[in-house]
Chemist: 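Before I ask anything, here is the structure I am working with.
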Number of protein chains: 2
Amino acid sequence: MELSERKKQILKAVVEHYIESAEPVGSKVVSQELGVSSATIRNEFAELCDLGYLEQPHTSAGRVPSPSGYRLYVNELMERRSLSAQEAENIDETLRDRLESVGGVVANAGALVSSLVNYPAYTVTDGNRALTVERFELVPVDDKSFIAVVMTSDKNVKSQLQSAALPFDGDRLADLRHLLNAHFAGRSRAEMGEHLLSVSEQLPPELFLVLSKTVEYAGGILDEAARRDVETTGASRLLKMPEYRDADKAHELMTFLVDNKENLPVPEDGAPLKILIGPENVNEALRDTSVVVASYDIGDGMRGLVGVVGPTRMDYATVTARLSYFAESLTKMFGKGLPAADDTKDRRTPKE
Amino acid sequence: MELSERKKQILKAVVEHYIESAEPVGSKVVSQELGVSSATIRNEFAELCDLGYLEQPHTSAGRVPSPSGYRLYVNELMERRSLSAQEAENIDETLRDRLESVGGVVANAGALVSSLVNYPAYTVTDGNRALTVERFELVPVDDKSFIAVVMTSDKNVKSQLQSAALPFDGDRLADLRHLLNAHFAGRSRAEMGEHLLSVSEQLPPELFLVLSKTVEYAGGILDEAARRDVETTGASRLLKMPEYRDADKAHELMTFLVDNKENLPVPEDGAPLKILIGPENVNEALRDTSVVVASYDIGDGMRGLVGVVGPTRMDYATVTARLSYFAESLTKMFGKGLPAADDTKDRRTPKE
DNA sequence: TTTAGCACTCAGGAGAAAAGAGTGCTAAAA
DNA sequence: TTTTAGCACTCTTTTCTCCTGAGTGCTAAA
C-alpha cells in the first residue's frame, strides 16, 4: 500500500528530528512543521505505528522511527543532497594532501572517512587471488648471496636478500633464474607448490634448497596479496553518541569493530553504495546499528570498500553524500593513475 | 624520613586492595590483615595522609593511595614477582605463533601486550636515521623500463618498477647503475639531495630525469625508515574499568591514544623498564593515568619500545612482570635471529 | 602505645511527590 | 468526512527527603 503524501511528510519529519536530537519526536513539533493540528498528527502517528514505520518507546512518549521507517526514508524520502562546492573542495584537498604523504591514500582512507562523517569507519581491500609472478630476477651480491626480485602480474616489484649455504657462481644463478621463470612464472599459488615437488628431483639438493627458498618467498608475496584486509578506525567516536554513552554497549560494539572486523558487511554485488539498516545486518552484533558502505575502483577490475558504522539513527543524508563523493574521488584518482611514491602504489603498465 | 615497617605494611595493603577493588579502603579490612585494632590503623592512616602517601575522597570514606603512595609501593613495597612457568610458556607460545604469521611479531606486539595485561598498549619503533643505501641495482625489463633495486645498509632490499620517457639501451642502464653507486651509495639522506644537484649538470636531461627518479625512490625508503612510528591498540579495554565508565573521560583518553600517540612517553635513557605514575607524566592528558614502558633490543644497536597505559590504579606487579618478560623474549628472539619470512624481517648479514 | 567506645560525617539508595511531555479519545467545527 | 479543540490519563523524569551504613576522629581507659 502506498502511503499518503502527508504520511510521508510526517515520517520524514520524525526521522529527521530523531536523527538530530536522539529524542522521541512528539506530535507538536511535527504539527508546527506541517501546518496542521497536533491532533491530526496524532491520528497519523497512530496509523504509521500500525503500519510499522514508527515505534513508541512507551505509551506517553513521542515516536521513534522503526527500521522499516528508516528504510522508507532512505529509499524514498531522503533528499539526496550533493556536497557543496566547499565541502567537495575540502575532501579533494585532504585527498591530495594525504596522497603526498607516506603510505598513500588507501591506508588512510578509513581515518579520513571517519573524520569526514564523524562515525567509525572501515576499509576492505579485497585480496587478489588471481595474481601470479610475472618475472623472477636474481641479482648477485657476493658468492653466497643474491637479491631475489619478484615482479607480480600487477607490476609490483618486491625483493629480498637470499643466501645459500654453499658458494655458487654466476652461471648457476643464471640457471636458477631461468628455472624459476620457466617453471614458476605465471602459475597460481597452488601450482607453484606442486611444481616445486616435481622440480625437486631434477636438481642437486643444495641448489634446490636455494630455489625453494625463492619460490617460497614469491609464494608469500602472493599469499599476502590474496589476503582480504579489513581495517577499522574511529571507534572512539561512538562515545559521543547518546546511544553509546553506556560503557557496556560501547564496549561491545567497539570490541566487535576491532576483533571481529572480518564480519563487517562486504556486499558482493557491485553496487556503488549499500545501506544496511539495523536488523538488515546479518550479523547479530550489528542488529541495532546501521552500515553504509561504498565501493571504489582500484583499476584492473579490482575494487576496494569503505564503510561507515553507526547507530540506526545515522545521518544517512550526509553520510551517503560524503561517502559517495569520497569513493568516486578515489576511483577517479586510481583511474588517472597515481603518481608513484613507493612500490605499493605504482600502477603504470609498461609493455612486456 | 624513613617510614616505620608497620606503616609500609599498611600502605602496601591499601594499595593492593585499592588496585583490586577500585573502592576506598577502610581501616577495618587492613586491621584484620595486620592483626591490630582498627583504631590503631586509623591513627596510622591519619599520619600517612599527613605524609602524602594516602588520600581521602571525603571525610567519611576510606583511604586511597596518592601518586607518591603508588611510587613508594612500586619502588619498595611491590613484590617483583616473576611469571609462573605456565604464564611464561603462554607468552612464549603466542610469540612463536605470531612469528609464523604474516607481518611478524613487532607489528602485533601492541595487540599482544594489550591482551596480555588487559590495558591499552602502545609500541614505538624508533626510526633509523643513520641508514644509508648500500647498493643500487638496475634490472632491465624492456627498452623503456627497468626495476630499481635498493639495498640499504641494514640489508633490507626494496624495489620498484621505473619507466623512462624515452627508450634506452643496456649500456645506458649500466652507466646509470654505476653513477648511482658511485654518487649516492653510502650517503645520508641530506647528502643524496645535494649530490643530485651537482650531478644534474653532468648528465643529459633525459637520463638525469631517470636517475633522479631512482634517487628519490631511494630517498623515500630512507625517509620511511627514519620515521618514528607509534601505534596504539586495545583502547576499548578502558571501558571495562570503573574509572572510565564515564563516556566523556573514556573518550578523552581514547582520542588521545589515537590522535596524540606521538606524545606518549618515550624514555630516552636505556632503562629496560620505566614506570610513570600519574602526574609524573609530563603530558597533561596523562596526568591521571600511569604508563609502564619497556624497551627491547632489535639488534644493530636499535631499540623498540612497548608500553602500557592505564589508570594510576594499575596492577603494577602483574604489568611489570609480564611486560618485562615480553620485552626480554623479544630481545632474545632478535638476538637469535628471526627466520626470514618477508623482507622486513631478514636480519642475516652476509659479508660483502 | 594501643584499644574500646561513641558521636559525627557523608555518599548512596529508597520512596514519595511533583512536573512535564505526550498520548488517546470524544465531540464539535469545518 | 476530515480536522481540531479539549480533557483526562499515562508514564518517565526530576526533585526532595529521609534513612542507612560505612568509616572517621577523638577521648579516655587499659
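Proteins come first, then strands; the chains are lettered A, B, ... in the order of their sequence lines, and each starts at number 1. Atoms considered below: every heavy atom in the structure, side chains included; atoms not considered: hydrogens, waters and symmetry mates.
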Chemist: Whole angstrom is fine here: how far is it from CG in B:Leu48 over to P in D:dG25?
Modeler: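 After rounding, the reported distance stands at 12 Å.
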Chemist: In this structure, how many angstroms lie between the P atom of D:dG25 and the CD atom of B:Glu47, rounded?
Modeler: 12 Å
Chemist: Counting just side-chain N and O atoms, does B:Arg63 come under 4.0 Å of either OP1 or OP2 of D:dA22?
Modeler: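 For B:Arg63, the contact criterion (side-chain N or O under 4.0 Å from OP1 or OP2 of D:dA22) is not met.
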Chemist: Looking only at the side chain of B:Gln56 (C-beta and beyond, no hydrogens), which of the listed nucleotides D:dT3, C:dT23, D:dG25 gets closest?
Modeler: D:dG25
Chemist: Check whether more than 12 heavy atoms from other residues, nucleotides or ligands sit under 6.0 Å from atom CD of B:Glu20, and answer yes or no.
Modeler: no
Chemist: Whole-Å distance between C:dG22 P and A:Gln32 CD?
Modeler: 11 Å
Chemist: D:dA30 pairs with which nucleotide, Watson-Crick or G-U wobble, both distances below 3.5 Å?
Modeler: C:dT1
Chemist: From B:Arg237 CZ over to B:Met254 CE, what is the distance, rounded to the nearest 0.5 angstrom?
Modeler: 11.5 Å
Chemist: Need the pair for D:dG23. Rule: Watson-Crick or G-U wobble, both distances under 3.5 Å, any strand; none if unpaired.
Modeler: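 The base-pairing partner of D:dG23, which may sit in any strand shown, is C:dC8.
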Chemist: Tell me which of B:Gly35 and A:Ala39 sits closer to the 5' end of DNA chain C, going by the nucleotide each one is nearest to.
Modeler: B:Gly35
Chemist: Side-chain N or O of B:Thr40 less than 4.0 angstrom from OP1 or OP2 on C:dT3?
Modeler: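 For C:dT3, OP1 or OP2 has a side-chain N or O of B:Thr40 closer than 4.0 Å.
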Chemist: Which value, rounded to the nearest 0.5 Å, describes the distance between A:Leu239 atom CG and B:Leu253 atom CG?
Modeler: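 Nearest 0.5 Å value for the CG-CG distance: 11.0 Å.
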Chemist: Please report, rounded to the nearest Å, how far the C1' atom of D:dT4 is from the CG atom of A:Asn43.
Modeler: 10 Å
Chemist: Just to confirm, is there a sub-4.0 Å distance from OP1 or OP2 of D:dA22 to any side-chain nitrogen or oxygen of B:Ser60?
Modeler: no
Chemist: Starting at atom CZ of A:Arg42, determine the distance to atom P of D:dC7, rounded to an integer number of angstrom.
Modeler: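 About 13 Å, once rounded to whole Å.
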Chemist: Tell me: NE2 of B:His58 to C1' of D:dG25, nearest whole Å?
Modeler: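 Going from NE2 in B:His58 over to C1' in D:dG25 covers 15 Å.
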Chemist: Could you state the CD-C1' distance from A:Glu23 to C:dG22, rounded to the nearest angstrom?
Modeler: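 Roughly 13 Å, once rounded to whole Å.
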Chemist: Does a nitrogen or oxygen in the side chain of A:Thr59 sit under 4.0 Å from OP1 or OP2 of D:dC9?
Modeler: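 Answer is no, no contact under 4.0 Å.
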